[in-house]
Amino acid sequence: MTQDAAWWEEQHRLKLVLNEVRKLIERSEELSEQRKSTVTEARKDFWDDITVNLANPDDIMETYTSITQQSMMLAGQERSLQHAENTRYRLLRMYNSPYFGRIDFTEKGSSGTEKIYIGIASVLDEQTQTYWVYDWRAPVSSLFYDYSPGPANYETPMGTISGTLDLKRQFMIRGGEIKAMFNTGITIGDEVLQHILGQRTDDHMKSIVATIQKEQNQIIRDDRHRVLIVQGAAGSGKTSVALQRVAYLLYKHRQTLNSDNMVLFSPNALFNSYISSVLPELGEANMQQTTYQDYLQLRLGSQFQVEDAYEQMEAMLHTYGDPGDEIRRSSIRFKSSKAFVDIIEKYARGLESQGMRFNDLVFRGRVLIGKQQMANYFYSLDGSIKLSIKIHLVKEWLLKELKRLAKEERMKPWVKEEIELLDKEVYQQAYNALRKQKGDRETAFDDAKQEALLLSKYVVHEKFKPLREKIKQLRFISAAALYRQLISDVSRFALTAGDKELELPPEWEEIGRLTLEQMDRGRLTYEDATPFLYLTGLIEGFPSYNTVRHVIIDEAQDYSPFQLVFLNRLFPWAKMTLLGDFNQAISAHHTAEADHGMAGYEVIYDLYGPEQVEFIRLVRSYRSTKEIAEFTKAILPFGEPVEPFSRSGEPPKLIAVSDHAMLTDVLLGEVKRLQTSGIGTIAIICKTARETRDAYDKLSSQLPQLQWITKETRLFHAGVVLIPVYLAKGLEFDAVLIYNASAEHYYREVERKLLYTACTRAMHKLTIFHTGQPSPFLSHHHEKSKRTL
């Protein structure tokens with residue numbers, strides 16, 4: 001068949017598919033309107049269908065059951081409406097481009113060849129029960145990503161299907177018309193990538209299932225391993241592939257898995273917004289998204305002012321060389337290590353025989369149950385019982401003791417005083433309680449003794465409520481005192497002479513002093529937060545989130561070994577996908593030495609076993625032009641190998657300026673030049689939040705639309721943004737301007753990866769400004785590209 005004939009044949013088929021999609025859109029709109037009307041009526045009539053009766057316990061239970069049933073019915077109707085809306089949205093997107101690929105496959109033993117078209121969702125002909133379009137996640141669709149024409153096979157629930165791939169064709173369809181089509185080999189055609197990657201970016205990540213590469217498809221469809229680790233170069237598509245993996249798993253296991261069973265730990269709230277549109281575009285609801293810091297704040301925020309990772313990083317960048325700086329760095333490295341996990345675990349085991357610390361239960365200024373009483377009971381229990389179970393036995397004992405003490409308390413003079421102060425409403429509550437107790441609706445207070453007894457019981461019960469809650473929440477344990485005890489006397493409680501593998505850093509005495517000083521002020525450093533929670537979990541039991549079936553950790557290279565051990569405890573039944581790049585490992589617990597990934601995840605292999613872990617490298621970078629990728633690659637001479645995609649553009653520019661005043665003027669001129677040329681997103685990247693604030697003061701009057709990004713920022717819009725480098729991780733911009741990459745700013749080995757991370761955010765244009773000499777990490781850049789102003 002000639003190229004022209006093939007073109008007209010494909011164009012004719014496209015019209016048929018579009019006609020089918022249009023019919024489906026019309027049906028989905030009708031269904032959506034019907035369900036919207038049903039939900040509206042159900043909401044309006046919600047209380048009309050419920051009889052509220054609180055006269056007695058049976059009526060209350062009946063009312064509760066009625067409300068629950070109505071709520072469940074309404075929730076089901078709302079889910080149906082959401083499903084209809086999602087289907088409509090997906091079909092509208094398909095009408096613009098219903099598919100992007102075609103494969104012709106002849107199954108072994110069959111005489112016929114099947115033409116399979118692949119898109120973001122399936123389109124089924126209900127009359128013939130044949131597919132116009134197959135979902136990209138369907139088993140047969142893997143042929144498109146994994147094979148060139150020739151022998152091929154794919155996995156199905158029924159087994160392996162083998163055969164021959166006779167044709168592999170790609171389409172660029174826009175507005176319902178074929179703009180280009182071409183046959184291709186194993187690699188998804190560079191023509192499509194060139195077109196898509198050359199487009200302007202905006203304020204949300206794009207989902208590009210048409211350009212999934214073979215190695216990316218391996219990640220997306222891996223369902224055999226408990227843990228999947230992806231070590232990928234900057235711009236290799238790690239996050240996009242992870243979200244496509246989520247969509248694939250939700251598709252494959254749609255009978256047993258939903259988005260509520262999956263959780264994503266992202267680097268910050270801004271990143272959550274950036275990726276928020278990817279899964280809906282793939283036809284799936286967004287999973288639970290959080291940050292590690294949010295979890296720390298949730299658990300510890302009521303007890304301490306908790307430092308976050310960015311505050312820790314800022315401190316380390318600004319105090320380098322100051323007195324005490326090396327002590328803090330040593331503290332961070334040690335408290336982030338597996339060695340400190342081992343110390344805390346040994347300490348917790350030792351608490352079974354000595355050292356437990358409790359809080360007195362105090363009521364009205366006097367001790368009801370003392371901490372020594374609690375300790376005596378705790379150590380009277382069988383020594384073979386697990387620590388956390390012992391604690392819960394103490395809890396039950398305390399509740400019984402409190403109940404006994406409540407009876408004694410009723411005779412105290414303060415109770416009579418409280419009764420006299422009761423208002424009419426409380427008196428009525430007591431009266432109703434008596435009626436309920438006697439079962440006589442007409443009973444009145446006709447017995448003064450009985451009345452006094454009932455009211456005293458009521459008063460004491462109400463006043464003891466905070467104590468009961470404290471016991472139930474295990475706040476009779478002094479977790480802070482236990483952590484302080486470990487820090488102040490670790491040798492006694494967690495180390496013995498034979499523990500050579502658990503040696504402390506030489507600065508431990510100073511580390512301990514600084515830790516205790518922070519806790520005295522009500523503060524907990526970032527490196528102490530996870531160990532504190534881990535110790536609490538060993539004592540009280542970990543809050544295991546058993547409904548979570550899959551955990552995705554982005555920027556996993558910034559998680560310490562200790563944090564990974566802790567997350568394993570929180571999600572004991574979940575599979576994990578970890579995405580990271582040790583070339584961008586800028587957290588304070590990292591050293592400046594080369595790390596190609598395996599060593600950084602050593603603790604994962606220990607936790608799950610090597611047979612449960614799959615390690616995959618992505619070395620091809622798609623984000624940046626070839627010139628930018630080659631430039632940034634040279635910043636890290638010992639770094640992970642990076643293969644730039646062959647998309648050409650302008651070489652990066654180094655611009656030297658004489659002082660900060662000129663830096664401001666020249667940078668403003670570059671921004672305006674880029675805006676005039678139609679660039680969509682421009683990032684001015686600074687080293688720290690402090691430098692970002694100073695830059696904003698200098699630039700904002702001339703750039704009124706400038707967006708200043710801080711750790712509290714939840715979303716940003718296309719335009720010009722000002723951002724510290726550590727918040728830019730995972731994001732990408734059409735143009736990046738490095739605010740000041742001078743030798744004074746970036747010269748220590750620990751700052752090499754910061755500069756690399758900043759430069760790799762650029763898709764199309766990269767300009768680096770510097771006052772004085774440029775960073776030594778840029779010495780590889782060719783002299784002819786430098787400019788002095």
Side-chain angles (χ1 to χ4, degrees), residues 299-306 335 340-363 365-402 466-496 502 504 508-509 511-525 527-543 566 569:
R299 293 287 308 278
L300 296 169
S302 61
Q303 303 175 59
F304 297 101
Q305 180 183 339
V306 185
K335 291 175 181 174
F340 199 46
V341 176
D342 297 337
I343 283 177
I344 288 184
E345 288 179 342
K346 184 167 185 182
Y347 174 50
R349 289 194 297 272
L351 291 175
E352 295 175 0
S353 58
Q354 65 162 332
M356 269 302 298
R357 305 287 293 272
F358 296 97
N359 293 319
D360 292 331
L361 285 180
V362 179
F363 180 71
R366 71 183 194 278
V367 175
L368 274 186
I369 307 174
K371 53 191 174 186
Q372 189 57 52
Q373 285 177 268
M374 299 180 204
N376 292 342
Y377 181 81
F378 177 84
Y379 286 114
S380 72
L381 296 169
D382 188 338
S384 64
I385 299 174
K386 186 179 176 182
L387 178 60
S388 60
I389 295 176
K390 270 188 175 184
I391 292 298
H392 284 272
L393 290 174
V394 173
K395 179 188 75 173
E396 296 304 320
W397 172 74
L398 285 172
L399 289 172
K400 288 179 183 177
E401 281 294 291
L402 198 65
L467 289 175
R468 287 195 298 275
E469 285 304 307
K470 185 174 182 178
I471 294 170
K472 290 176 182 178
Q473 295 171 14
L474 305 183
R475 286 189 286 126
F476 58 87
I477 303 167
S478 181
L482 286 166
Y483 192 70
R484 291 175 64 95
Q485 179 174 262
L486 170 67
I487 296 298
S488 60
D489 202 356
V490 65
S491 297
R492 174 188 169 196
F493 286 100
L495 298 178
T496 64
L502 298 181
L504 297 172
W508 180 257
E509 187 174 337
I511 289 171
R513 179 175 53 79
L514 290 174
T515 303
L516 296 177
E517 284 178 3
Q518 289 292 316
M519 294 184 73
D520 287 341
R521 296 172 188 163
R523 300 173 185 168
L524 204 62
T525 64
E527 64 267 24
D528 283 303
T530 301
F532 185 93
L533 283 178
Y534 193 75
L535 174 61
T536 303
L538 291 173
I539 295 167
E540 301 177 1
F542 288 90
F566 180 59
R569 289 276 196 162

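Values in this document were obtained by computation on a predicted structure and should not be read as measured data.
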Judged by atom type as modelled, is there a donor-acceptor pair below 3.5 Å linking the side chain of Tyr347 to the main-chain atoms of Leu482? yes
Could you work out, with ring pair (Phe, Tyr, Trp, His ring centres under 6.0 Å) as the rule, every residue matching Tyr377, not counting sequence neighbours? Trp397
Who pairs with Phe340 by ring pair (Phe, Tyr, Trp, His ring centres under 6.0 Å), at least two apart in sequence or on another chain? Phe334
Contacts of Asn359 that satisfy side chain to side chain contact (heavy atoms under 4.5 Å, CB included) - sequence neighbours left out: Ser478
Under the salt bridge (Lys or Arg N to Asp or Glu O under 4.0 Å) rule, collect the residues that match up with Arg484, sequence neighbours excluded. Asp520
Going by the rule side chain to side chain contact (heavy atoms under 4.5 Å, CB included), which residues pair with Gln372 if we only count those two or more places apart in sequence or in a different chain? Ala375, Asn376
Could you name each residue pair satisfying side chain to side chain donor-acceptor pair (under 3.5 Å) that touches residues 380-395, not counting sequence neighbours? Asp382-Ser384
Only one of Gln518, Arg523, Lys335 passes side-chain hydrogen bond (donor to acceptor under 3.5 Å, both in side chains) with Asp528, and that residue is Lys335
Please enumerate all residues that pass ring pair (Phe, Tyr, Trp, His ring centres under 6.0 Å) together with Phe476, with sequence neighbours excluded. none
Here the pair of heavy atoms bringing Ile487 nearest to Gly512 is CG2-CA, 3.5 Å
Any chance NZ of Lys371 has more than 12 other-residue heavy atoms, nucleotides or ligands included, within less than 6.0 Å? no
Can you tell me how far CD1 of Ile344 sits from OG1 of Thr530, rounded to the nearest 0.5 angstrom? 9.5 Å
Could you pull out the closest heavy-atom pair between Ala529 and Leu524, with the gap in Å? CA-CD2, 3.8 Å
Set of side chain to side chain contact (heavy atoms under 4.5 Å, CB included) partners for Arg349, sequence neighbours left out: Glu345, Lys346
Which pair of heavy atoms, one from Ile539 and one from Ile477, lies closest together, and at what distance? CG2-CD1, 4.2 Å
Beyond-backbone contact of Ile471 with Arg468, side-chain heavy atoms, under 4.5 angstrom: no
Do Val306 and Arg299 make a side-chain contact, defined as non-hydrogen atoms from C-beta onward lying under 4.5 Å apart? no
Partners passing salt bridge (Lys or Arg N to Asp or Glu O under 4.0 Å) against Arg366 (at least two apart in sequence or in another chain): Glu409
List the steps and the verdict of side-chain contact (heavy atoms from CB on, under 4.5 Å) for Ile343 and Leu486. CA-CA 9 Å; Ile343 283 177; Leu486 170 67; 4.1 Å; yes
Got a second to check how far Phe358's CZ is from Gln373's CD, nearest 0.5 Å? 12.0 Å
For Leu368 and Glu401, run side-chain contact (heavy atoms from CB on, under 4.5 Å): C-alpha distance rounded to whole Å, both residues' side-chain angles, the deciding distance at 0.1 Å, then the answer. CA-CA 9 Å; Leu368 274 186; Glu401 281 294 291; over 6 Å; no
Applying salt bridge (Lys or Arg N to Asp or Glu O under 4.0 Å), name anything that partners Arg513, two or more places apart in sequence or on another chain. Glu517
Of all heavy-atom pairs linking Tyr379 and Ser353, the shortest is CE2-C, 3.4 Å
Residues Glu527, Ile511; criterion side-chain contact (heavy atoms from CB on, under 4.5 Å); working and verdict: CA-CA 12 Å; Glu527 64 267 24; Ile511 289 171; over 6 Å; no
Quick check: closest heavy atoms across Phe566 and Leu533, and the distance to 0.1 Å? CZ-CB, 3.8 Å
Nearest heavy-atom pair of Leu351 and Phe378: which atoms, and what distance? O-CE2, 3.7 Å
What's the separation between atom CE in Met519 and atom CZ in Phe532, rounded to the nearest 0.5 Å? 5.5 Å
For Glu469, the side chain to side chain contact (heavy atoms under 4.5 Å, CB included) test, sequence neighbours excluded, returns Lys472, Gln473
Determine, step by step, whether Ile391 and Met356 satisfy the side-chain contact (heavy atoms from CB on, under 4.5 Å) criterion, reporting the C-alpha distance in whole Å, the side-chain angles of both residues, the deciding distance to 0.1 Å, and the verdict. CA-CA 10 Å; Ile391 292 298; Met356 269 302 298; 3.8 Å; yes
Going by salt bridge (Lys or Arg N to Asp or Glu O under 4.0 Å), name the residues that satisfy it together with Asp360, two or more places apart in sequence or in a different chain. none
